[in-house]
2 protein chains.
Amino acid sequence: MTQMKASDRTTWREIMAEIVRRITDGPWGPGTLLPGEVEMARTFGCSRTTMNRALRAVADQGYLDRRRKTGTRVRLSPRRLARFEIPMVRDEIEASGAPYRYALVQREVAVAPKWVRARMGVEADARMMHLVCVHHAGDRPFQMEDRWINAGALPLVLEQSFAVVTPNEWLIATVPFSQVEISFLACAADAAAAEHLGHVAGEPVFTVESATWWQDQAITLVSLFYHKGYRMTTRY
Amino acid sequence: MTQMKASDRTTWREIMAEIVRRITDGPWGPGTLLPGEVEMARTFGCSRTTMNRALRAVADQGYLDRRRKTGTRVRLSPRRLARFEIPMVRDEIEASGAPYRYALVQREVAVAPKWVRARMGVEADARMMHLVCVHHAGDRPFQMEDRWINAGALPLVLEQSFAVVTPNEWLIATVPFSQVEISFLACAADAAAAEHLGHVAGEPVFTVESATWWQDQAITLVSLFYHKGYRMTTRY
DNA sequence: CAGTGGTCTAGACCACAAC
DNA sequence: TTGTGGTCTAGACCACTGG
């Protein structure tokens, strides 16, 4: 059989779209057991490789459960997967058109409070760098950052002034990470948030708390407090 | 050449891990231009197909920029991608071991307030179903849900009492969705949140706001207010 | 125009899991 | 034991994009 032109062949994206359509509109309602890859490849007129790619993509989108021997089944309810791209503050601010400004508010080598030590899994006597800084969008405070860095795992941090380079940018350039845990929460503005973000104390503040590890060593724990009215949004 | 056993062959996962290692530890620092796929396949001792799969996976993780002609380059800072699986309340509560209980607080056909209409893109005279309900984990309120459903797009909703079936479960079983927009934010507890979630009015409440469309028709807009101390967490 | 990634194919062996 | 998805290979054409 003559090779078809690539533009005429069925692509995995088209097949994926058709499968999704059949799941949402069509005959493949929730719970349906789909035909095997070999058979579907025949009916779609493509190779099994392509069929597999399309099915994997649909499964990645959360519509399908795939298991060997059992086959491919349409999930009863699609997984609701939200993908948030956590941007660097600088990028987020500059993307909005405002000039970015960084201000270091506090820098100390100190013993971390108990909840920080517990969360990072470090000893009570661990030397920690504690940083507080504010990221401005033009004249307005955008985000306040309260960060602890494990100086035991990263002695270099003690030599950094962080007067100009932000902790995040320095960390990204200096250490990789293998594990990240991110939480989103709402907390009440404390005195620092009131002072640096212009909140009234007790007001709700959208907060991101993020801890990172590298090879089982805690590197940093940071709380990011956002300005009033901030929302983190994604579409899909 | 004799076929090797599959268990002896290099897998795309191993190659992916090695590439990530070289990016984080190794010689391939930020900004490095990687060799082409053909050459890398040679050095890794695999087919180009496998090499491509490994590189695509690394790129999906946010480490690489890939463009035709230009080649594959290590990103200056890795994209920070957080994937949140938004669970259904019932699953989330039952996973914690507590019994799930659902209570409908309010059900009315009404005109939506302006901000709701704006966000959903519906006319001022659109018939909307307004529902308020509370999801309990055992004795304790877990989440309050304030939902608007576009009865114009979904007349069936008018026949539903929602006394037993939750709006979310009914919607999932009834309509698919093509577009979802999710926001996370912190807002202050209002009277309803105080009453149903046990908050003090004005206290911070972690809130998820989600709007869904189906073929350019707004289906539903929902605000989910979580109990005190809730955090949405992910690891990777 | 030419180089690089994007994708398709046909065939093969394998791992997992239900039986 | 057997059926299903997971993956690898070798070869091919194509699409995008920088020069």
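Order of the sequence lines fixes the chain letters, A, B, ..., with proteins taken first and strands second; residue numbering starts at 1 for each chain.
- Look at CG on A:Asp65: it is 13 Å from P on C:dA18, rounded to the nearest Å.
- Legend: residues meeting salt bridge (charged side-chain N to carboxylate O under 4.0 Å, His left out) with B:Glu181, ordered by chain and number and at least two apart, are A:Arg235, B:Arg119.
- For A:Thr72 and D:dG5, the shortest distance from a side-chain N or O to OP1 or OP2 is below 4.0 Å.
- At a threshold of 4.0 angstrom between heavy atoms, the contacts of A:Arg13 are confined to the sugar-phosphate backbone, with no base atom among them.
- At whole-Å resolution of the value, CE in B:Met51 and C1' in D:dG11 are 18 Å apart.
- To the nearest angstrom, P of D:dG5 lies 10 Å from CD of A:Glu39.
- For C:dA10, the OP1/OP2 oxygens have no side-chain nitrogen or oxygen of A:Arg48 closer than 4.0 Å.
- The interatomic distance linking B:Leu33 (CG) with C:dG3 (C1') rounds to 12 Å, in whole Å.
- Rounding to whole angstrom units, CZ of residue B:Arg56 and C1' of D:dC8 are separated by 14 Å.
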Using atom names, set out every protein N or O paired with an N or O of nucleotides 17-19 of chain D below 3.5 Å, distance rounded to 0.1 Å.
unit_1, atom_1, unit_2, atom_2, d
D:dG18, OP1, B:Arg67, NH2, 2.5

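- Between the C1' atom of D:dC14 and the CH2 atom of A:Trp12 lies a distance of 16 Å, rounded to the nearest Å.
- Donor-acceptor pairing under 3.5 Å is lacking for the side chains of A:His227 and A:Gln143.
- Taking side-chain N and O atoms only, B:Thr50 has a distance below 4.0 Å to OP1 or OP2 of D:dT9.
- Between the CD atom of B:Glu14 and the P atom of D:dG6 there is a distance of 18 Å, rounded to whole Å.
- Heavy atoms from other residues, nucleotides or ligands lying under 6.0 Å from CZ of B:Arg140 number 12 at most.
- A donor-acceptor pair under 3.5 Å is formed between the side chain of B:Glu14 and the backbone N or O of B:Thr11.
- For B:Thr49, there are no side-chain hydrogen bond (donor to acceptor under 3.5 Å, both in side chains) partners, not counting sequence neighbours.
- Aromatic pair A:Tyr100/A:Phe142: ring centres not closer than 6.0 Å.
- Using a 4.0 Å heavy-atom cutoff across all strands shown, B:Arg53 reaches sugar-phosphate atoms only and no base atom.
- Between A:Gly71 and B:Ser47, the residue anchored nearer the 5' end of DNA chain D, judged by the nucleotide with its closest heavy atom, is A:Gly71.
- Residue B:Arg66 has no polar side-chain atom (N or O) positioned under 4.0 Å from OP1 or OP2 of C:dT4.
- The phosphate of C:dT7 has neither OP1 nor OP2 within less than 4.0 Å of any side-chain N or O from B:Asn52.
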For B:Arg73 and B:Asp65, run salt bridge (charged side-chain N to carboxylate O under 4.0 Å, His left out): C-alpha distance rounded to whole Å, both residues' side-chain angles, the deciding distance at 0.1 Å, then the answer. CA-CA 5 Å; B:Arg73 192 176 290 277; B:Asp65 272 332; over 6 Å; no
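- Spacing between atom CD1 of A:Ile19 and atom P of D:dG5 amounts to 12 Å, rounded to whole angstrom units.
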